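Proteins come first, then strands; the chains are lettered A, B, ... in the order of their sequence lines, and each starts at number 1. Keep in mind that this is a model prediction, so the values were computed, not measured.
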Amino acid sequence: MTRKLWLPGFMATLALVLPLATSANPVLDDYKAQARQENPAFKEFSVDAGRKLYTTVGPAQISCSSCHTDSPKNAGKHAKTNKVIEPLAPAVNPKRFAELANVEKWFRRNCNDVLGRACTTQEKGDFVAYVSSVN
Amino acid sequence: MKFRTLIQISALAFLTTAWAGAHAQSADKWHKECSSCHIAYPAKALPAASWKKIMSELDQHFGVDASLSPQDNQEIASYLEKNAGKRLPSGEQPTRITQSHWFKSRHEEISAAVWKRPAVKSAANCGACHKGADAGDFDEDHVHIPK
């Protein structure tokens with residue numbers, strides 16, 4: 001009897017523990033690994049710092065929120081082309097922050113346009129942590 | 001002899017399929033990347049020299065950074081140049097489709113006020129009137145100019 005229960009018990013424990021061991025977002029895990037490599041003292045990304053970054057106005061007088069609206073849950077509009085910008089928050093748009101190469105492409109472009117420089121790993125992680133926390 | 005012909009036909013079929021596959025893949029990449037900010041403007045809308053210039057300045061693309069990875073840039077540039085429009089008789093190499101002579105002549109009946117309507121916004125927004133623009137449909141019969 002004990003023997004028969006061992007396997008389901010083990011599986012149930014695994015199901016409970018696994019989501020705690022890795023975060024829900026693989027891209028965030030990649031940034032965490034990169035941050036640890038750059039700074040051995042790195043602990044966690046900050047949702048608050050990410051929220052602040054989202055509304056930080058850069059040299060061109062624009063912020064992330066200029067195109068992505070005040071909430072990452074909303075759809076935005078391209079200022080020049082009128083094209084709809086789908087929401088950033090994975091809670092409403094699960095396609096977001098799913099593939100590192102694509103996320104890197106947009107950070108490269110948008111950090112350059114908004115801040116006039118590249119973003120640090122810390123900033124990227126904070127940003128993803130914030131946007132992923134919105135639900 | 002027959003066997004040799006069979007080999008030749010198979011090789012030709014294989015190469016054609018491989019070429020068609022690579023072409024379709026580049027076309028998909030062109031469409032996916034270019035249409036993330038605006039409609040994927042057709043390659044034939046500009047001559048090859050124009051595309052070459054545009055693709056070499058993507059980090060400053062009409063005021064925004066639209067840079068791609070070097071591999072994607074090369075693949076899309078090559079697709080656009082291969083499928084580009086004819087070299088313009090004037091030798092023009094416009095980087096704006098709307099500046100080309102043929103664009104202006106095809107749209108001469110459109111007044112300046114129409115281009116500025118909120119639903120149109122600019123001449124670059126093909127999809128405002130050509131509803132099937134993103135799929136390459138610029139048929140005059142399908143044009144609907146928003147009020």
For this session: Output, in order, the C-alpha distance, side-chain angles, deciding distance and verdict of side-chain hydrogen bond (donor to acceptor under 3.5 Å, both in side chains) for B/His130 and B/Asp137.
Result: CA-CA 7 Å; B/His130 299 273; B/Asp137 175 11; over 6 Å; no
Exercise. In terms of side-chain geometry, is the basic nitrogen of B/Glu140 or B/Arg106 positioned less than 4.0 Å from the acidic oxygen of its partner?
Worked result: no
Exercise. Quick one: which residues of residues 81-101 of chain A reach chain B at under 4.5 angstrom, heavy atoms only?
Worked result: A/Thr81, A/Asn82, A/Lys83
Exercise. Same cluster or not: are B/Met55 and B/Phe62 linked, directly or through other Ile, Leu, Val, Met, Phe, Trp or Tyr residues, by side-chain heavy atoms under 4.5 angstrom apart?
Worked result: no
For this session: Give a yes or no on whether A/Val114 and B/Leu58 share a hydrophobic cluster (residues Ile, Leu, Val, Met, Phe, Trp, Tyr; joining criterion: side-chain heavy atoms under 4.5 Å apart).
Result: no
Exercise. Hey, which residues of residues 122-135 of chain A are touching chain B, say heavy atoms under 4.5 Å apart?
Worked result: none
Seminar exercise, completed: Turns out that what part of B/Ala128 lies under 4.5 Å from chain A's heavy atoms comes down to neither
Problem set entry | Structural part of B/Glu33 lying under 4.5 Å from a heavy atom of chain A | side chain
Exercise. Taking the inter-plane angle between the rings of B/His107 and B/Trp115 on a 0 to 90° scale, is it parallel (under 30°), tilted (30 to 60°) or perpendicular (over 60°)?
Worked result: tilted
Problem set entry | Under 3.5 Å donor-acceptor, B/Ser100 side chain and B/Arg96 backbone | no
Exercise. So, does A/Ser66 use its side chain to make a donor-acceptor pair with the main chain of A/Ile62 at under 3.5 Å?
Worked result: no
Problem set entry | Under 3.5 Å side-chain donor-acceptor pair for A/Ser65 and A/Ser63 | yes
Seminar exercise, completed: Ordered numerically, the heavy-atom neighbours of chain A under 4.5 Å found in residues 35-51 of chain B are B/Ser35, B/Ser36, B/Cys37, B/His38
Exercise. Are B/Val64 and A/Val57 connected, step by step, through hydrophobic side chains (Ile, Leu, Val, Met, Phe, Trp, Tyr) whose heavy atoms are closer than 4.5 Å?
Worked result: no
Exercise. At their closest point, which heavy atom of A/Pro72 faces which heavy atom of A/Tyr54, and how far apart are they?
Worked result: N-OH, 3.6 Å
For this session: Among B/Ser69, B/Ala66, B/Ser122, B/Gly127, single out the residue with the greatest number of heavy-atom pairs under 4.5 Å to chain A.
Result: B/Ala66
Problem set entry | Which of A/Glu104, A/Arg109, A/Lys80, A/His78 touches chain B most, by non-hydrogen pairs under 4.5 Å | A/Arg109
Exercise. For A/Glu38, does the CD atom sit with more than 12 other heavy atoms under 6.0 Å from it, leaving out its own atoms?
Worked result: yes
Problem set entry | Residues B/Ser67, B/Asp65; criterion side-chain hydrogen bond (donor to acceptor under 3.5 Å, both in side chains); working and verdict | CA-CA 6 Å; B/Ser67 58; B/Asp65 184 340; 2.8 Å; yes
Exercise. Should A/Trp106 and B/Leu68 be regarded as members of a common hydrophobic cluster, given that ILVMFWY residues are connected when their side-chain heavy atoms come within less than 4.5 Å of each other, either directly or indirectly?
Worked result: no
Exercise. Is the number of heavy atoms from other residues, nucleotides or ligands within 6.0 Å of NZ (B/Lys52) greater than 12?
Worked result: no
For this session: Return the set of residues passing salt bridge (Lys or Arg N to Asp or Glu O under 4.0 Å) with A/Asp30 (not counting sequence neighbours), or none when no residue passes.
Result: none
